[in-house]
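Everything on this sheet refers to the single structure shown next.
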Amino acid sequence: MSDLQTPASSPAAGAATSEAPSTATAASNASSAQAAGGRTFLPRNTLLRHLLVLVLCAVGAVILLESTDLGFNAQIGYVAFYAIAAGGLTLLTGLNGQISLGHGALMAVGAYTTALLLDVEEPLPLIVIFLAAVALTSVVGAIVGVAAARLHGPYLAGATLALAVGLPGLALYFRSFLGGEQGLTVSSPDRPDWFVEGIRTLSGNSASGVKWIAYIAVACLLITYFLLANLMRSRVGRTWRAVRDQEVAAELAGINLGTWRVLAFLVSAAAAGLAGAVLALVVRLTAPTAFTIVLSLSLLTAIVIGGLGSLLGALIGSALLVFLPRVLRDAGESLDMDAAQAAEISYVVYGVILVLVMLFAPAGLVGSIRLAWTKQRARRAGARTRG
């Protein structure tokens, strides 16, 4: 997925460390072709390039899912719903400059919608349920976006924080309908015959329910990133960057700042709704405790570590959210720590990593690597010119 990024905002590479916020985002936005000096083996056309990357990633995902056990398949499902939500959030924060602490609540809307629509005798097709979850969450996101369109910085963060705290509490108020503190158990969709036969023919493995959910999650992730990548590289993405970087100039150019901010919030909310729908299938339970402010902060942490404005960075940050605590817990237990101590150590180490990234790689992992590569290319070009 290395090429599914937005184009650079064109600050000089050497100024990255002194102008961290704007340059960090621009570095994460830089495309692979630009970082490589304009040379690439991928097609020049954006849509064709993203289609090729989509196919390659789909093939890689199939190989990964079929070569690993069911436990790892389940972990991939967790990475998928985190990455879908983080992709929408990196569009909102990295591309449009709006900080949201309420995406966990938006995921709750998608999750509860999915749980309710599956909990009937004859549920609708799964794709229709997902579209309904996305549509309802988009409406909620548009309402929040309209209310927050004139807010900036900490004021916007505070408004979305109120959303994150208050919205999941509706499950407690409407406990007869939404299950209260216990939440709703999510019915797993039946595996279609074509999937069972296809997996048996492809790899000889059994097509379990866990594997079916993992394939659904990965498919949703790939489709979401394909759509977001094309949107970021379009005129819409360029307008969002203009609103983020130069509000006055954008307004003088005839851009309605409020409208474009609401649109960014709507698209980001749609991704969060789909993430919530996938979460409902993977976890098999929707409860208020799953959508606390911790979830929203985790998503924000993922995109900061990976690199603001970068879909690849959002994916890497989401993978760290899922796999790093597990690795650290296993390491702690191997050192004779009990489960509680090992879990606490994992969060401490994750926090230390976040601080180190902010200090030494303000552009995030992806952005810092691209900045280093761009600087190296510039030095080589300067050396050739002097020579």
Side-chain angles (χ1 to χ4, degrees), residues 74 77-78 80-86 88-89 92 100-148 158-190 209-210 212-213 216-217 220 224 265-300 321:
Y78 278 83
F81 70 71
Y82 271 119
I84 293 170
L89 184 59
L92 180 69
S100 172
L101 297 178
H103 267 52
L106 295 175
M107 290 177 66
V109 176
Y112 273 96
T113 302
T114 302
L116 291 172
L117 292 178
L118 283 173
D119 190 24
V120 295
E121 292 185 4
E122 295 184 6
L124 296 169
L126 191 60
I127 187 172
V128 176
I129 294 176
F130 277 5
L131 290 175
V134 169
L136 183 58
T137 311
S138 299
V139 172
V140 176
I143 295 173
V144 176
V146 169
T160 54
L161 175 62
L163 175 70
V165 172
L167 191 60
L170 291 177
L172 303 179
Y173 187 79
F174 299 102
R175 62 179 65 251
S176 61
F177 182 59
L178 298 177
E181 294 181 356
Q182 302 301 319
L184 299 175
T185 302
V186 181
S187 303
S188 181
D190 295 331
V210 173
W212 169 233
I213 297 301
I216 293 174
C220 291
T224 300
F265 219 106
L266 187 149
V267 173
S268 184
L274 181 58
V278 175
L279 181 151
L281 292 184
V282 172
V283 180
R284 301 286 302 278
L285 178 69
T286 59
T289 53
F291 305 101
T292 62
I293 184 60
V294 175
L295 176 58
S296 298
L297 292 176
S298 297
L299 295 175
L300 193 59
L321 272 179

So which atom in Pro123 and which in Ile129 form the shortest heavy-atom distance, rounded to 0.1 Å? CB-CD1, 4.5 Å
Contact check, side chains of Tyr112 and Pro288, non-hydrogen atoms, under 4.5 Å: yes
What's the separation between atom CG in Leu279 and atom CD1 in Ile84, rounded to the nearest 0.5 Å? 10.0 Å
Partner of Val186 under side-chain contact (heavy atoms from CB on, under 4.5 Å), chosen from Leu285, Val283, Leu281: Leu281
Is it the case that the side chain of Ser296 and the backbone of Leu101 share a donor-acceptor pair, with hydrogens and angles ignored and the cut-off at 3.5 Å? yes
Arg284 CZ to Thr185 OG1 distance, which is reported to the nearest 0.5 Å: 8.5 Å
Output for pair (Trp212 CH2, Asp190 CG), nearest 0.5 Å, gives 10.0 Å
So which heavy atom on Ala115 is nearest to which on Thr286, and how close? CB-OG1, 3.9 Å
Contacts of type side-chain hydrogen bond (donor to acceptor under 3.5 Å, both in side chains), residue Thr137, not counting sequence neighbours: none
Please name all residues satisfying ring-ring contact (aromatic ring centres under 6.0 Å, His included) with Phe81, sequence neighbours left out, ordered by chain then number. Tyr78
Before giving the answer on side-chain contact (heavy atoms from CB on, under 4.5 Å), spell out for Tyr82 and Leu295 the whole-Å C-alpha distance, their side-chain angles and the decisive distance to 0.1 Å. CA-CA 9 Å; Tyr82 271 119; Leu295 176 58; 3.6 Å; yes
Taking all heavy atoms of Ser100 and all of Phe265, pick out the closest pair and write down the distance. OG-CZ, 4.1 Å
Let me confirm one number: the CG-CG distance from Leu300 to Leu89, rounded to the nearest 0.5 Å. 6.0 Å
Side-chain touch Leu184/Phe177, heavy atoms, less than 4.5 angstrom: no
Any non-hydrogen side-chain atom of Leu116 less than 4.5 Å from a side-chain atom of Leu178? yes
Looking only at heavy atoms, the pair that brings Leu266 and Ala142 closest together is CD1-CB, 3.8 Å
Looking at every non-hydrogen atom in both residues, tell me the closest pair between Ala111 and Ala280 and how far apart they are. O-CB, 3.8 Å
When rounded to the nearest 0.5 angstrom, what distance separates CG in Leu274 from CG in Leu106? 13.0 Å
Separation between OG1 (Thr114) and CG (Asp119), nearest 0.5 Å, reads 12.0 Å
Contact summary for His103 and Ala272, nearest pair of heavy atoms: CD2-CB, 3.9 Å
Are any non-hydrogen side-chain atoms of Met107 and Leu299 less than 4.5 angstrom apart? yes
